[in-house]
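One structure below.
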Amino acid sequence: MPELPEVEITRRQLVPLLVGRLIAAVRTSAPSYFFITSPRVLKRRLPGRRVIELRRLGKYLLADLDDGQRLLLHLGMTGQLFGHGAASVRLLSSTRGAALAPESQTARFSPDRHTHLQLSFADPGPDVYFRDARKFGKVQLLRPGEGSPRLERLGVDALAWTGARLFAASRRRRIPLKALLLDQSVVAGIGNIYADEALFLAGLRPTRGAARLTRPEADHLVTAVLAVLHRSIETGGSSISDYVQPDGSDGTYQDERRVYGREGEPCPSCGTPITRRVIGQRSTHYCRRCQC
DNA sequence: AGACTAACCTGAAAGC
DNA sequence: TGCTTTCAGGTTAGTC
């Protein structure tokens with residue numbers, strides 16, 4: 001679910017809940033696919049550490065600790081990071097989208113079977129929770145100076161992308177444009193929703209071979225990517241199935257989607273029904289008249 | 001090296 | 001109503 005805008009919003013809201021605080025206790029679920037670093041090791045190495053900084057790299061969050069360790073977090077498809085306490089305005093709920101009972105708006109979150117990590121702090125303030133129903137999310141604690149293949153593999157952050165870099169990366173690639181946008185080693189942070197939206201804005205068909213992109217089109221596409229990402233951050237991200245902001249509120253970018261998830265609906269610019277087809281195992285939406 | 005596939009896991013929605 | 005199938009916003013390991 002979470003792509004760059006959702007991860008960036010999560011980062012901004014978590015900064016006051018993490019940075020400068022001293023970790024006192026760690027609770028986890030049982031060892032699983034979710035934990036790259038085992039729960040046992042997290043519980044041994046996190047308490048007593050203070051968080052210095054929280055950064056975003058593509059769709060990853062990286063918390064720098066005072067002893068040089070780094071805590072790497074990825075939300076996968078259904079991950080949710082949030083705090084609760086005074087700052088919490090609304091809780092996560094499986095009935096998200098439906099009207100919540102008034103009493104649930106102030107109730108405290110209690111960890112359920114999908115809550116895999118809970119950080120408590122020595123100083124006053126809310127705990128931080130990492131919940132992930134599908135467990136595609138990831139937690140890894142890097143030792144001081146330890147590299148991470150996952151991070152080293154990432155291409156340029158999508159917010160720093162340029163037409164020149166896209167054009168260079170697209171040469172001699174025998175994959176659809178859409179697949180190029182989703183390749184995190186080329187550009188980090190774009191996911192399925194924003195790839196479709198940006199391609200629509202740029203008037204480029206997702207199936208177009210990457211190598212057939214012209215230099216001016218590369219500029220247009222990067223401009224569209226930046227516009228879509230910045231606008232989504234501005235509106236709190238897309239709350240389509242599981243994503244909510246750490247404070248519990250929904251983003252509203254889903255209301256501004258032009259093609260994603262709109263198969264059969266009229267194209268906002270020409271009225272032609274939006275086409276959906278699968279590219280690289282990902283559901284892809286576009287207007288066959290406006291995008292070529 | 002580059003491109004494709006299957007796999008990881010759970011829940012909601014659609015289909016019958 | 002209830003059972004079955006399909007579909008999800010991501011990434012990686014393995015194969016050709």
Side-chain angles (χ1 to χ4, degrees), chain A residues 1-10 29-36 56-61 72-81 92-98 112-116 130-140 148-155 158 169-199 206-207 209-211 228-229 232-233 235-245 250-254 256-257 259-264 276-285:
Chain A
M1 46 111 106
E3 307 182 27
L4 184 151
E6 291 76 25
V7 178
E8 176 59 20
I9 290 156
T10 298
S29 58
S32 73
Y33 184 72
F34 179 82
F35 293 100
I36 298 175
R56 182 190 58 73
L57 298 133
K59 300 173 193 172
Y60 288 90
L61 286 175
L72 183 61
L73 307 168
H74 194 290
L75 297 173
M77 295 266 259
T78 51
Q80 305 167 315
L81 271 166
L92 304 172
S93 160
S94 56
T95 61
R96 198 193 58 67
D112 58 6
R113 72 191 191 92
H114 297 306
T115 305
H116 304 299
F130 192 165
R131 187 175 179 275
D132 184 4
R134 234 169 130 185
K135 284 195 275 200
F136 283 0
K138 293 280 171 283
V139 175
Q140 182 175 25
S148 162
R150 304 176 122 79
L151 294 182
E152 284 147 20
R153 204 177 300 140
L154 292 181
S170 68
R171 299 304 83 190
R172 261 171 267 102
R173 294 296 298 268
R174 300 156 63 93
I175 54 173
L177 218 34
K178 164 89 179 255
L180 189 71
L181 292 185
L182 293 180
D183 186 339
Q184 303 297 300
S185 69
V186 170
V187 57
I190 302 174
N192 210 28
I193 296 178
Y194 301 113
D196 282 6
E197 293 299 311
L199 286 164
T207 53
V228 164
L229 296 180
S232 180
I233 291 172
T235 57
S238 300
S239 294
I240 289 182
S241 78
D242 298 273
Y243 178 75
V244 289
Q245 300 177 37
D250 281 344
T252 61
Y253 191 79
Q254 66 278 9
E256 302 190 19
R257 280 172 302 135
V259 290
Y260 181 83
R262 296 202 186 280
E263 178 184 16
R276 172 184 176 276
R277 53 174 293 188
V278 174
I279 300 178
Q281 308 143 245
R282 309 303 295 280
S283 164
T284 299
H285 315 74

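Sequence lines set the chain letters: A, B, ... in the order given, protein chains first and strands last, and positions in each chain run from 1.
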Is the phosphate of C:dT11 approached by A:K59 (side-chain N or O, under 4.0 Å from OP1 or OP2)? yes
Counting only side-chain N and O atoms of A:H114, is one of them less than 4.0 Å from OP1 or OP2 of B:dC9? no
Using a cut-off of less than 4.0 Å, is there contact between a side-chain N or O of A:R150 and OP1 or OP2 of C:dT11? no
Does the aromatic ring of A:Y33 sit over the six-membered base ring of B:dC9, closer than 5.5 Å centre to centre and tilted less than 30°? no
Assess A:K138 against A:F35: is NZ or CZ under 6.0 Å from the centre of the six-membered ring, and within 45 degrees of the ring's axis? no
Out of B:dC9, B:dT10, C:dT11, which has the shortest distance to the side chain of A:F136? B:dC9
Short side-chain N/O contact to C:dT12 OP1/OP2 from A:R153, under 4.0 Å: yes
Expressed in angstrom and rounded to an integer, what is the separation of A:L180 atom CG from B:dC4 atom P? 12 Å
If you only use heavy atoms from C-beta on, which nucleotide in C:dT12, B:dA3, C:dG10 is closest to the side chain of A:M77? C:dG10
Between NZ of A:K135 and P of C:dT12 the distance, given in whole Å, is 19 Å
I'd like to know if the side chain of A:D132 and the backbone of A:G137 have a donor-acceptor N/O pair within less than 3.5 Å. yes
Which is true for A:R276 with a 4.0 Å heavy-atom rule: it touches a base, it touches only sugar-phosphate, or it touches nothing? sugar-phosphate
Would you classify A:S283 as touching base, sugar-phosphate or nothing, given that sugar-phosphate means primed atoms plus P, OP1 and OP2, and contacts are heavy atoms under 4.0 Å? sugar-phosphate
Closest to the A:Q281 side chain: C:dA8, B:dT5, B:dC9? B:dT5
Just how far, in rounded Å, is P of C:dC7 from NE2 of A:H285? 12 Å
Distance flag, aromatic centroids of A:Y253 and A:Y194, threshold under 6.0 Å: yes
Counter-base of C:dG10, judged by Watson-Crick or G-U geometry with both distances under 3.5 Å: B:dC8
Touch class at under 4.0 angstrom, heavy-atom based, for A:Y60 against every strand present: sugar-phosphate
Is the ring centre of A:F34 less than 6.0 Å from the ring centre of A:F130? yes
Spacing between A:D183 atom CG and C:dT12 atom P, to the nearest angstrom: 11 Å
Given atom CZ of A:R131 and atom P of B:dT10, what is their separation to the nearest angstrom? 13 Å
Is any side-chain heavy atom of A:V139 closer than 4.5 Å to one of A:H116? no
Contact nearer the 5' end of DNA chain B, comparing A:G280 with A:R113: A:G280
In whole angstrom, what separates A:Y194's OH from C:dA8's P? 17 Å
May I ask you to say what A:F34 touches in the nucleic acid, namely base, sugar-phosphate or nothing, with a heavy-atom cut-off under 4.0 Å? nothing
Over how many whole Å does the gap from A:E152 atom CD to C:dT12 atom P extend? 12 Å
Is any NZ, NE, NH1 or NH2 atom of the basic residue among A:D196 and A:R257 found under 4.0 Å from an Asp or Glu carboxylate oxygen of the other? no
Under 4.0 angstrom between A:H74 side-chain N/O and C:dT11 OP1 or OP2: yes
Return whichever of A:Q184 or A:R134 has its heavy-atom-nearest nucleotide of DNA chain C closer to the 5' end. A:R134
Rounded to the Å, how far apart are A:L181 CG and C:dT11 P? 14 Å
Suppose you measure atom P in B:dC9 against the same atom in C:dG14; what distance do you get, rounded to whole Å? 15 Å
Hey, does A:K138 reach any base, or is it just sugar-phosphate, or nothing, if we go heavy atoms under 4.0 Å? nothing
